[in-house]
**Student:** 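Below is a structure I'd like to ask you about.
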Protein chains: 2
Amino acid sequence: MNIDTKLSIHAALEAGSRAGIPQPSLNRLPQYHHYLAELNSKGISRVSCSLIGTDLNLVPVQVRKDLQYTGIVGKPKTGYSVPELIQAIESFLGWNNVNEAFLVGAGNLGTALLGHERFSNFGLSIVAAFDADPEKIGQWIHGKAVLPLEKLADLAQRMSIHLGIITAPAEFAQAIADEMVRGGIQALWNFAPVRLKVPAHIIVHNEDLYSSLASLSWKLARRYRVPIQQDGGFH
Amino acid sequence: MNIDTKLSIHAALEAGSRAGIPQPSLNRLPQYHHYLAELNSKGISRVSCSLIGTDLNLVPVQVRKDLQYTGIVGKPKTGYSVPELIQAIESFLGWNNVNEAFLVGAGNLGTALLGHERFSNFGLSIVAAFDADPEKIGQWIHGKAVLPLEKLADLAQRMSIHLGIITAPAEFAQAIADEMVRGGIQALWNFAPVRLKVPAHIIVHNEDLYSSLASLSWKLARRYRVPIQQDGGFH
DNA sequence: CTAGTATCGCTACGTGAATATCGATACGAA
DNA sequence: TTCGTATCGATATTCACGTAGCGATACTAG
């Protein structure tokens, strides 16, 4: 019995590692990348997990495990080669190939993203913006044209755009997502605070500022609340 | 000194569990809130977990469990009262009391957040912006003054500001965080792609766009990659 | 040349979150 | 009134991530 369970756990783990990488590890990789780029610019060519750990507030084991997912191997006592590590992370994350993206919703947040030229370092290029507001259509924001929303699906198909960014208000997000899917877009980066309904093969990543804000304000509010009994709050 | 860092790591990791509500649940609460507000505006007064689940793409059990954390109780067969539920979520998240915040880094993203008036619905009020760039100091962005960074700590103390938002480039983030802590700020909302080192009692919430982008581009790249040989990819 | 030590890689364990299952309760229909 | 059903609440199982410990390896000092 326990052999069975052990085996199945093992299989699950194997499958997990082969098919993917834990989400938290994936989230940490860009931080390693940023840190390593800094080291590299200082001319440091080798680095150990312990060093990364102390500088980034992580325990060395975790760093090592994360880096293993990229496929790189280090040498005992020596550590890792910084340039190789950077290269490994970039290639693992697909930052070598440029992703062209469409953005919908040329409001404050959309404008900010359009102007964020550093995205190009990470394989992201926003090629055009879309909006439903006639006032905005025809404008140029940070060198990108604002086009009418109706043209999105057709253009996406002809230009083989794979990534869509939604920075429109929540009530329009679902309709926009539908249009994007219709245009053959494969992945959505959604900044609206809704859970989009899309076909199963579409990748959706939600970037919900209100969720984060909820976390924060809850933790903050909690601090000034009367001291809570850990479990005894009830009955 | 390293005791401090250990503590902060520990605190960050355990914050969710010690608090009594899982982080993911906390993140979903604003979505329920948004959804319920919509129902409420339609005049619907009662709702069941199953309904919420189908509309939000979640399984009913999960919805029920999340809602339980707010302390509300439902009635079998009837479900929950929509207004009570909204009230419970708002009070649980601390959205009834206003959090005043300082923002540092009046770039694209900072400007976007300053202009996002809907934050006021969620208990957040950004009262002033700060920057180190003399060009920006003295300007008014969306009705908020841009002040010199040196004044932050003193002002924060005098105005009892508890929340700091960092939208500056990564290389300045740590210094800014230090200033905020010096000014008595309790919680940081950090949009820079770095792990801040702060005393253990400070709440930090990282909003790392590059992490998200990494997730996305990895998943997207993976789709077009040839089936992966686990170890053979390199050399 | 040998011993010591820092670091990597692997396996095993523990904890917390998601999910499934079971019993309890309230409303509606016969 | 009584039975059926939808829904809530509580408990148990499964799964994923983080953590710890062990052995292996390579550099360095004497």
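So that the names make sense, note that chain A is the first sequence line, chain B the second, and so on, each numbered from 1. Hydrogens, waters and symmetry mates play no part in the numbers below; they use all other heavy atoms, side chains included.
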**Student:** I'd like to check the ring-ring contact (aromatic ring centres under 6.0 Å, His included) partners of B/H205; sequence neighbours left out, ordered by chain and number.
**Tutor:** none
**Student:** Hey, is the side chain of A/S50 poking within less than 4.0 Å of OP1 or OP2 on C/dT7, counting only N and O atoms?
**Tutor:** yes
**Student:** Can you tell me the distance, in whole Å, between the CD atom of B/Q23 and the P atom of D/dG18?
**Tutor:** 14 Å
**Student:** Send over the distance from A/Q68 CD to C/dT11 P, rounded to a whole Å.
**Tutor:** 11 Å
**Student:** Roughly, in whole Å, what's the span from CZ in B/R64 to P in C/dT19?
**Tutor:** 13 Å
**Student:** Would you say B/T78 reaches C/dA26's phosphate, i.e. side-chain N/O to OP1/OP2 under 4.0 Å?
**Tutor:** no
**Student:** Using only heavy-atom distances, determine whether the side chains of A/W95 and B/S217 contain a donor-acceptor pair under 3.5 Å.
**Tutor:** yes
**Student:** Starting at atom NZ of B/K65, determine the distance to atom C1' of D/dA10, rounded to an integer number of angstrom.
**Tutor:** 10 Å
**Student:** With no hydrogens and no angle check, do the side chains of B/S25 and B/D66 hold a donor and an acceptor under 3.5 Å apart?
**Tutor:** yes
**Student:** Just how far, in rounded Å, is P of D/dG9 from NZ of B/K77?
**Tutor:** 16 Å
**Student:** Is the phosphate of C/dT25, meaning OP1 or OP2, less than 4.0 Å from a side-chain N or O of B/K75?
**Tutor:** no
**Student:** Whole angstroms only, please: what is the OH-C1' distance between B/Y80 and D/dA6?
**Tutor:** 13 Å
**Student:** Tell me the closest heavy-atom pair linking A/E90 and A/N96, and the distance in Å.
**Tutor:** OE1-OD1, 3.7 Å
**Student:** Quick one: label B/P24 by what it contacts on the DNA or RNA (base, sugar-phosphate, nothing), any heavy atom closer than 4.0 Å.
**Tutor:** sugar-phosphate
**Student:** Grab the OH-C1' distance between B/Y69 and D/dC8 for me, whole Å please.
**Tutor:** 16 Å
**Student:** Specify the separation, in whole Å, of atom CD of A/Q62 and atom P of D/dT19.
**Tutor:** 5 Å
**Student:** Are B/R46 and C/dA26 close enough that a side-chain N or O sits under 4.0 Å from OP1 or OP2?
**Tutor:** no
**Student:** Reading DNA chain D from 5' onward, which residue's closest nucleotide shows up sooner: B/I72 or A/P76?
**Tutor:** B/I72
**Student:** Less than 4.5 Å apart, side chain to side chain, heavy atoms only: is that true for A/Q31 and B/D208?
**Tutor:** yes
